[in-house]
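The structure appears below as structure tokens.
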There are 2 protein chains.
Amino acid sequence: MPVTIKDVAKRLKLSVTTVSRALDGYDDVAAKTRERVIRVASEMGYAPSRAARQLRRQKTEAIGYIMPTIKPRFADPFFSEFIAGIGDEAASRNFDLVVSLAPPGEEAERAVYQRWVQGRRVDGIVLSRMRVNDWRVRYLSDSKFPFVAFGRTQLPIDFPHVGVDGESGMRELVAHLIERGHRRIAFVSAPADLTLQVDRMSGYRSGLAAGGIPVDESLIVEGNLTRDGGHHAAQQLLSLAKSPTAIIGANDLTAIGVMRAAHERGLIIGRDLAVAGFDGIESAEHTHPPLTTLNQPVYDIGRQLIHMLITVIEEGTLAERQIMLKPELLIRASTGG
Amino acid sequence: MPVTIKDVAKRLKLSVTTVSRALDGYDDVAAKTRERVIRVASEMGYAPSRAARQLRRQKTEAIGYIMPTIKPRFADPFFSEFIAGIGDEAASRNFDLVVSLAPPGEEAERAVYQRWVQGRRVDGIVLSRMRVNDWRVRYLSDSKFPFVAFGRTQLPIDFPHVGVDGESGMRELVAHLIERGHRRIAFVSAPADLTLQVDRMSGYRSGLAAGGIPVDESLIVEGNLTRDGGHHAAQQLLSLAKSPTAIIGANDLTAIGVMRAAHERGLIIGRDLAVAGFDGIESAEHTHPPLTTLNQPVYDIGRQLIHMLITVIEEGTLAERQIMLKPELLIRASTGG
DNA sequence: CATATTTCCCAAATCGTTTTGGAGTATTAT
DNA sequence: ATAATACTCCAAAACGATTTGGGAAATATG
């Protein structure tokens, strides 16, 4: 049984009040007493009970993140980057990070959010992989629960978030490919309910338009942001009668799957086929050849989001509520660079 | 302000006791009453305060994991796999997963562990990346705090863990390379204080011995489990007068860095140089050429560990305390397969 | 009919903190 | 010397649940 504040008080022949106040740095306890308290408390290995403190203070000093992941596993390095970012920043502010996993859109997901919000499990929540019509935003906003998000929605709700301009990024990428001489540029998309899909797709389309190339719908096939999805889609694209000379993946994982399918057909990437992705995950540097991609600083965005969230939690308000970043086009050998 | 059990009781004109017991499924409340309670409680959106419940029950229904990661970021897909495993299993048992990050071995790390243990922040802790002389094991064991680990230590302390036999795995891998005709087989190691390093290194040595090949110490260079570490080490190895024909990385990330260095020198992997890793991360399937590796089922090990941990927490004891798995040698094109 | 046994409910104590509202002393000002 | 002003400290009341130990009413038993 761990040592409580009462044990410390008894040992010091002081009241728990004084011990508590000494430890919390109030100035109504004599310097000498405070010293004694601090020394003895640490000698006894005292640390306040989180539960008791939370109950009394009505806050948890914890922030929550629910990974929108499909069972039975996920493996997108995007998430490790992101968790590293939010985890580092949270830790440095002495907040705990509580994570759970739930399949997006289903009942289970709703249950976790509700448990955390109603049960006051965390002080705030971080959202990612936003959907165009995202019930999480409606729910948290209705509940007046502090939250921030990586990405936007199409709801008429104003909330703090950091976004990456997928549209302009894609436009730039398409321009790059056109400039390299490509005319048949395919796109392996993400699930249609994701905001990132809407943005990136529209960038793809407007990029083609800007280059005077009509959109060929047969060159757009749906993936699911995984390697296998990209692999699958590419097989389909590459067996087309008029197959594409360039394929863009909605994210890097997709692009890596595309590269694999191309390899299997004996195509030399960068020469026979251009491939590009979106995200800038580290392993995209190490594919063969290295993958052209649109880099987004996921780690830093994570930190930034936590910073914003803690401000909202502590101040109740936030100056700069919406931040829009431009992804950086990294041209590498996979597009013949 | 969220709805408390008192609000529910008042609305129902019942005592909080009865509401609490009805919700908790005690049989000393009339079926009809229970129904009413459940209905109204859910109508009002009541969920018990975690903090209050924790305080009273003296347990948190949360388990902790502290990623041993070097600032300012980490990117080993190993961790996403692992978190997915422990997260999924924890979620399915209705436990929360609390994560933090701390640089291994430093004061900050100790501080987090102490806060969690003394502050009764979590009911149990999962350890990974074990060190041969791991203070965490001593500390948790001394504190009689429930924990499980992925990997062993060399301390004379008995604790529940799942291990992967890195030694026999490496031996098998070395045998495979020797059989392919390699005689100059290099090893890019991990930091020396890690158990996995001791195991894998000793498998490397005994594998060579079994093949009648004397160990050439110049072919052993230290890495740090990252791509850059592998890249660096390989540059050194490949500029040796008598450079190796095969390089084994202590993990897949290292091996991927090695491949990159080889590419840069114009070597064709699988023909001019064999490369192999350890871990079986997903991106090892997608390198060019695909990477030979020793696969360990990280996701399943994570689930298994949580299962063990929750058993320890709830029953106080555990039948099968030590589990040793054999890694599976996946021979792919990077070793000329 | 009197007594035992269920059945169903509740008041109060408890978990370990923080916070509120003083209450004694000692010091300073008048 | 007295009043005013610090300094220090503390008892008791929260916070929101769960659990203990009954108690009253309804039902069963002899």
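Every chain is numbered from 1 and lettered A, B, ... according to where its sequence line falls, protein lines coming before strand lines.
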Side chain of [X] (C-beta onward), nearest among [options]:
X     : options                : value
B/D24 : C/dG16, D/dT19, D/dA11 : D/dT19
B/R57 : D/dT19, D/dC9, C/dT17  : D/dT19
B/T33 : C/dT18, D/dC10, C/dC8  : C/dC8
A/L14 : D/dT19, D/dC9, D/dC15  : D/dC9

Under-3.5 Å donor-acceptor pair between [X] side chain and [N] base:
X     : N      : result
A/T17 : D/dA11 : yes
B/R56 : D/dT18 : yes
A/D28 : D/dC9  : yes

Sub-6.0 Å ring centroid separation between A/W116 and A/Y65 |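 No, the ring centres sit 6.0 Å or more apart.
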
(request) Indicate whether OP1 or OP2 belonging to D/dG16 is found under 4.0 Å from a side-chain N or O atom of B/Y46. (result)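 The answer is no; no side-chain N or O of B/Y46 sits under 4.0 Å from OP1 or OP2.
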
Backbone of B/Y139 reached by a side-chain donor or acceptor of B/S143 within 3.5 Å:
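Pair found, side chain donor or acceptor close to backbone of B/Y139.
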
Would you tell me whether B/D123 and B/T60 have side-chain atoms, one donor and one acceptor, within less than 3.5 Å of each other?
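Note: B/D123 and B/T60 side chains meet the donor-acceptor criterion.
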
**Q.** No-hydrogen, no-angle side-chain donor-acceptor test under 3.5 Å, A/Q322 and A/D158
**A.**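 Present: a donor and an acceptor within the cut-off.
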
Tell me what B/R21 touches on the nucleic acid: a base, only sugar-phosphate, or nothing, going by heavy atoms under 4.0 Å.
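Base, at least one base atom sits under 4.0 Å.
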
